[in-house]
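Nothing here was measured: the structure is a model prediction, and the numbers come from that model. Lettering follows sequence order; numbering is per chain, from 1.
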Number of protein chains: 2
Amino acid sequence: MAAQALYAELARQLNAIGILRRGLLRALPVDCPSGPAATLSLLHRHGEMRMGRLCELLAIDMSVTSRHVAHAAERGWVERVPDPADRRSRILRLTPAGAVKLTELHDRTAEMFSHRLDGWSDGEVEQLIAMLTRLRDSFGADCRVPLLAHSVPAVSAAVPASVSPAPPELPHDHA
Amino acid sequence: MAAQALYAELARQLNAIGILRRGLLRALPVDCPSGPAATLSLLHRHGEMRMGRLCELLAIDMSVTSRHVAHAAERGWVERVPDPADRRSRILRLTPAGAVKLTELHDRTAEMFSHRLDGWSDGEVEQLIAMLTRLRDSFGADCRVPLLAHSVPAVSAAVPASVSPAPPELPHDHA
DNA sequence: TATTGTTATACTCTATAACTATA
DNA sequence: TATAGTTATAGAGTATAACAATA
């Protein structure tokens, strides 16, 4: 409902968040890139699950998810146990070593944010979170598919290392 | 200043924005991926400039910038004219064809946002923009370098990519 | 010797498609 | 035949390093 100039500015700012994201990803441990990091975070937050479920949460293809999980499994951070209910599936579970790794990632994220957002009040951070949540909801669960009748535009945004796990009490996740 | 759980949630939401971004990028014209799109947008917004300046605005390495520009130049969207003041440099300039291409991208973006953000008031969009702007500023121009406590603050090259004033009438920095 | 820009190489993330093994 | 997951291949984006031309 806003003017084109407003949307243009929003596109610009979302793009800037993408730049910020690249900086955040650079700070990840060399043995744990963003994909595996996101895997650990989601397994911690949602508990054990199957590949399909993880795919939905990551919003990426099964093939990609498979490799991220393999990366984590090779390092002992995740174990894949056969699903007794369907032998085609494997249940993914965070291992103690994975929990340790995740804690490392989490601590880094918290430290980084606490420094960078030093001037922000809790309420302001909460407000930002609320707006980002709403923004994503406005785009819906189908954000991966075309958004217009004919096709779409550009813009770009961000993906923080997806680091940071989170105490299971927090709602909302989609990602 | 906030609790770890709050930072964790912020990281999660920023990550979700990244997922949204992937969907948007998928919809770009096949002949104009995000890198070249960002190049056109910045040349339009800031006017002709040299490679080094564009690097700062994009906040990416010169080598990467060089290829994005080459992509655009091959399609006639950007011209690289010798810099009379320093023959090592080339001045980058948006061509009429590039302006046309940019308009296409711009129109698509505005249309997409107007659909997706149908329920948002102008004030709400403005508020989101303001928070994203502040977020980026909180990370500073040195968002590309280490972000942890022990890391050193960047010294030079204030990356204006973060400042983003808004002179020209058609802002918009896709990508 | 330092700087501007290009090119070569490599790595991460992603997607599509082919393949295995179950249902 | 359909589904869960893996693997092979390819493409975009980025970074580092070596190189070219000019300062």
Side-chain angles (χ1 to χ4, degrees), chain A residues 15 18-19 21-39 49-56 58-74 78 80-92 143-145 154 156-162 175, chain B residues 15 18-19 21-39 49-56 58-74 78 80-92 143-145 156-157 175:
Chain A
N15 179 56
I19 294 173
R21 163 187 169 259
R22 289 206 305 278
L24 297 180
L25 293 180
R26 251 186 288 274
L28 282 174
V30 290
D31 64 342
C32 189
S34 66
T39 296
M49 64 182 78
R50 310 194 335 175
M51 286 292 304
R53 167 72 171 146
L54 184 57
C55 284
E56 293 175 6
L58 289 171
I60 56 178
D61 191 82
M62 172 88 74
S63 64
V64 183
T65 304
S66 180
R67 293 199 313 182
H68 290 331
V69 170
H71 178 106
E74 287 164 8
V78 168
R80 291 178 282 194
V81 303
D83 182 344
D86 182 343
R87 291 194 333 255
R88 291 173 303 181
S89 290
R90 292 203 273 180
I91 303 291
L92 308 177
C143 61
R144 293 183 59 204
V145 290
S156 53
V159 168
S162 70
Chain B
N15 180 56
I19 293 173
R21 165 184 169 262
R22 288 206 305 276
L24 298 179
L25 292 180
R26 245 187 293 273
L28 280 174
V30 290
D31 65 341
C32 188
S34 66
T39 296
M49 64 182 77
R50 312 194 333 176
M51 286 292 303
R53 166 73 170 146
L54 184 57
C55 284
E56 292 176 5
L58 290 171
I60 56 178
D61 191 83
M62 172 89 73
S63 64
V64 183
T65 304
S66 180
R67 294 197 313 182
H68 290 330
V69 170
H71 177 107
E74 287 164 9
V78 168
R80 292 179 280 194
V81 303
D83 182 343
D86 182 342
R87 294 198 327 260
R88 290 173 304 182
S89 290
R90 292 204 273 180
I91 303 292
L92 308 177
C143 61
R144 295 184 57 204
V145 290
S156 60

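- Here the nucleotide nearest the side chain of B:Arg50, chosen from D:dT6, D:dG5, C:dT4, is C:dT4.
- Counting non-hydrogen atoms under 4.0 angstrom, A:Arg67 reaches a base of the nucleic acid.
- Nearest nucleotide to the A:Ser89 side chain, out of D:dA4, C:dC13, C:dT14: D:dA4.
- One N or O on the side chain of A:His71 and one on the backbone of A:Asp31 form a donor-acceptor pair closer than 3.5 Å.
- Using a 4.0 Å heavy-atom criterion, one finds that A:Arg80 contacts the sugar-phosphate atoms exclusively.
- The shortest distance between side-chain heavy atoms of A:Leu58 and A:Thr39 falls below 4.5 Å.
- For A:Arg87 against C:dT22, no side-chain N or O and base N or O form a donor-acceptor pair under 3.5 Å.
- Listed pair A:Arg26 / D:dA15 meets the phosphate criterion, a side-chain N or O lying under 4.0 Å from OP1 or OP2.
- Not one N or O on the side chain of A:Arg80 forms a donor-acceptor pair closer than 3.5 Å with the backbone of A:Val69.
- Taking atom NE2 of residue B:His71 and atom P of nucleotide D:dG13, one finds them 8 Å apart after rounding to whole Å.
- In this structure, the side chains of A:Leu92 and A:Arg53 stay at 4.5 Å or more apart for every pair of heavy atoms.
- One donor-acceptor pair, N or O on each side, does fall under 3.5 Å between the base of D:dT16 and the side chain of B:Ser63.
- Here the C1' atom of nucleotide D:dG5 and the CD1 atom of A:Ile60 are 14 Å apart, to the nearest Å.
- Checking B:Met51 against A:His68, the closest nucleotide of DNA chain C that is more toward the 5' end is the one next to B:Met51.
- Rounded to whole Å, atom C1' of C:dT6 lies 13 Å from atom CG of B:Leu92.
- Dashed line: the shortest gap from a side-chain N or O of A:Ser66 to OP1 or OP2 of D:dG5 is not under 4.0 Å.
- Distance, A:Arg22 CZ to C:dT12 C1': 13 Å, rounded to whole Å.
- The phosphate of D:dT6 has OP1 or OP2 within less than 4.0 Å of a side-chain N or O from A:Arg90.
- Between A:Arg88 and A:Met62, the residue anchored closer to the 5' end of DNA chain D is A:Arg88, taking for each the nucleotide with the nearest heavy atom.
- For the pair B:Glu74 CD and C:dT7 P, the computed distance is 9 Å after rounding to whole Å.
- Within 4.0 Å (heavy atoms only), A:Asp86 reaches sugar-phosphate atoms of the nucleic acid but no base atom.
- Contact of the B:His68 side chain with the B:Ile60 side chain is registered, since non-hydrogen atoms from C-beta on lie closer than 4.5 Å.
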